[in-house]
Number of protein chains: 2
Amino acid sequence: MNDFDLGDFLPYQLAVLSERVSRDFAQHYRSRFGISRAEWRIIAHLSQANEVSVRDIHLRAELEKSKVSRAAARLEAAGYVTKTANAQDRRLVSLALTDKGRALMDEMAPIADAFQQRAMAQLGDDAAAFLAGMRALLHDPGETRDD
Amino acid sequence: MNDFDLGDFLPYQLAVLSERVSRDFAQHYRSRFGISRAEWRIIAHLSQANEVSVRDIHLRAELEKSKVSRAAARLEAAGYVTKTANAQDRRLVSLALTDKGRALMDEMAPIADAFQQRAMAQLGDDAAAFLAGMRALLHDPGETRDD
DNA sequence: GATCTATCGTTGCAATTGCAACGATGTCAA
DNA sequence: TTGACATCGTTGCAATTGCAACGATAGATC
C-alpha cells in the first residue's frame with residue numbers, strides 16, 4: 001500500500017481541468033467558426049504579436065511543430081493567415097493574421113472575455129492567487145526540456 | 001482591435017501548463033514502465049477505489065470512453081488490470097488492479113509524490129490557494145455537459 | 001570559400017484518436 | 001410480458017497525431 005492521493009495530484013487534476021475547460025470553451029467556436037483547438041490557439045497567439053514563427057508557437061503554446069505547421073496551412077487555405085519567409089532568417093516562416101483573420105479574432109474576443117469572466121467568478125477570492133500560481137508553474141524552470 | 005489578453009486567458013494557459021506538466025511527469029514512467037498517459041491515469045484511478053467502471057473513469061478523468069476501453073484492454077493484456085462484468089448491472093465492466101498492477105502503482109507512487117513535492121515548492125505561498133482554485137473550477141457546475 | 005553542425009518547417013508513415021454505429025443489457029410504463 | 005427507450009462498453013473507420021526523416025538555410029571553424 002502507498003499514500004498516493006490522486007485528489008491533490010497536480011498533473012492529473014490539471015489535465016482533467018484543462019481538458020474540461022478547453023472542451024467547454026471550444027463549444028463556443030468550434031462549430032460556429034469551424035476551427036479546431038490548435039487553430040484557435042494559433043489565431044489567439046497571432047493576435048497578440050505581429051510576427052510569429054512556427055517555432056515560436058511550438059514552444060510557447062506547447063504544440064507539436066508538425067501540428068502547428070498543419071494547422072497554419074489550414075488557416076492559410078481558409079484565408080485567416082499568411083505565411084511568408086522571414087527576411088532575416090529564411091528558414092523561418094512568419095505567420096500573421098490577414099484582415100479576415102483579425103475580423104475573426106475580433107468576433108471571438110468578446111466570447112473569450114465572457115468565458116474568462118465566468119471562470120474568474122468561479123474562482124472567487126482565489127482568483128489572484130490561482131493566476132499567480134499558474135504563472136509560477138509556467139515560468140519557473142522546472143525540468144522542462146525545450147525541444 | 002480588441003482587448004483580449006492571452007496571458008491571462010484561462011483555457012489557453014491551463015492547456016499549456018497542463019501539457020507541460022503532464023509531459024514532464026510522463027518522462028518518469030513512460031519508458032521506464034512502458035505505459036501511456038491514459039494508462040497511467042487509469043492505474044492511478046484504480047489505486048484509489050476498489051471497483052471502477054469504464055464509465056466512471058471516462059467521466060472523472062475526462063477521457064473518451066473508447067480511449068478508456070482500449071487502454072484498459074492493453075492494461076489487461078499486460079496483466080496489470082482485470083476486467084469483470086459487474087454483478088448488479090451486467091452492462092458495466094468492473095476494472096480492478098491485479099497484484100502486479102498494485103506493485104506497479106507502489107513503485108510509481110513515490111515518483112509521483114516527489115514530483116508533487118517539487119510542484120508544491122514551485123507554487124510556494126500560492127499552493128493552498130492554487131489547489132483551492134483548481135477544486136473550485138473542477139467541482140463547480142460551470143457549463144460542462146456530462147456526456 | 002569549404003566543411004561541419006545546428007535549426008527550421010514540412011512531410012511520409014505508422015499509430016492513435018474521436019465519433020458514430022452496434023449489440024447487449026437495463027428500466028419503465030402499458 | 002411486451003415494447004420503447006436509455007445506457008454501457010466495444011469496434012470500424014476516417015481523420016488526426018507524433019515521430020523520424022528530409023531539404024533548405026544559417027552559423028561556426030578552418
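The figures that follow rest on heavy atoms only: side chains count, while hydrogens, waters and symmetry mates do not. In what follows, every chain begins at residue 1, and chains take the letters A, B, ... in the order their sequences are listed.
- If you measure from atom CG of B:Leu59 to atom P of D:dG9, you get 9 Å, rounded to the nearest angstrom.
- For residues 5-15 of chain A, every residue pair satisfying the salt bridge (Lys or Arg N to Asp or Glu O under 4.0 Å) rule, not counting sequence neighbours, is listed here: A:Asp8-B:Arg135.
- Between B:Arg23 atom CZ and D:dC19 atom P the separation is 10 Å, expressed in whole Å.
- For A:Glu64, there are no side chain to side chain donor-acceptor pair (under 3.5 Å) partners, not counting sequence neighbours.
- Under the side chain to side chain contact (heavy atoms under 4.5 Å, CB included) criterion, A:Val54 pairs with A:Val68, A:Val93, A:Leu95, sequence neighbours left out.
- Here the P atom of nucleotide C:dT10 and the NZ atom of A:Lys65 are 10 Å apart, to the nearest Å.
- Residues satisfying the salt bridge (charged side-chain N to carboxylate O under 4.0 Å, His left out) criterion with A:Asp125, sequence neighbours excluded, are absent altogether.
- A straight line from CD of B:Glu62 to C1' of C:dG18 spans 14 Å, rounded to a whole angstrom.
- In this structure B:Asp99 satisfies the salt bridge (charged side-chain N to carboxylate O under 4.0 Å, His left out) test together with B:Arg102, sequence neighbours excluded.
- Evaluation of the ring pair (Phe, Tyr, Trp, His ring centres under 6.0 Å) rule for B:Tyr80 yields no partner, not counting sequence neighbours.
- Aromatic ring centres of A:Tyr29 and A:Phe115 lie farther apart than the 6.0 Å criterion allows.
- Residue pairs meeting the side chain to side chain donor-acceptor pair (under 3.5 Å) criterion with at least one member in residues 66-75 of chain A, sequence neighbours excluded: A:Glu39-A:Arg74.
- A:Glu76 is linked by a side chain to side chain contact (heavy atoms under 4.5 Å, CB included) to A:Lys83, counting only residues two or more places apart in sequence or in another chain.
- Under the salt bridge (charged side-chain N to carboxylate O under 4.0 Å, His left out) criterion, B:Arg91 pairs with B:Asp89, sequence neighbours left out.
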Distances under 3.5 Å only, N/O to N/O: pair up the protein atoms with those of nucleotides 14-17 of chain D.
none

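- Residues B:Val21 and B:Ile35 fall within the same hydrophobic cluster, defined by Ile, Leu, Val, Met, Phe, Trp and Tyr side chains chained together at heavy-atom separations under 4.5 Å.
- Contacts with DNA chain C (heavy atom under 4.0 Å) in residues 79-96 of chain A: A:Lys83, A:Arg91, A:Leu92, A:Val93, listed by number.
- No engagement by A:Ser36 is indicated, since no non-hydrogen atom pair under 4.0 Å with the nucleic acid exists.
- Rounded to 10 degrees, the angle separating the terminal helix axes of the helix from C:dG1-D:dC30 to C:dA30-D:dT1, each built from five base pairs, is 30°.
- Projected onto DNA chain D by closest heavy-atom contact, B:Glu19 and B:Ser53 fall at different nucleotides, the more 5' of which corresponds to B:Ser53.
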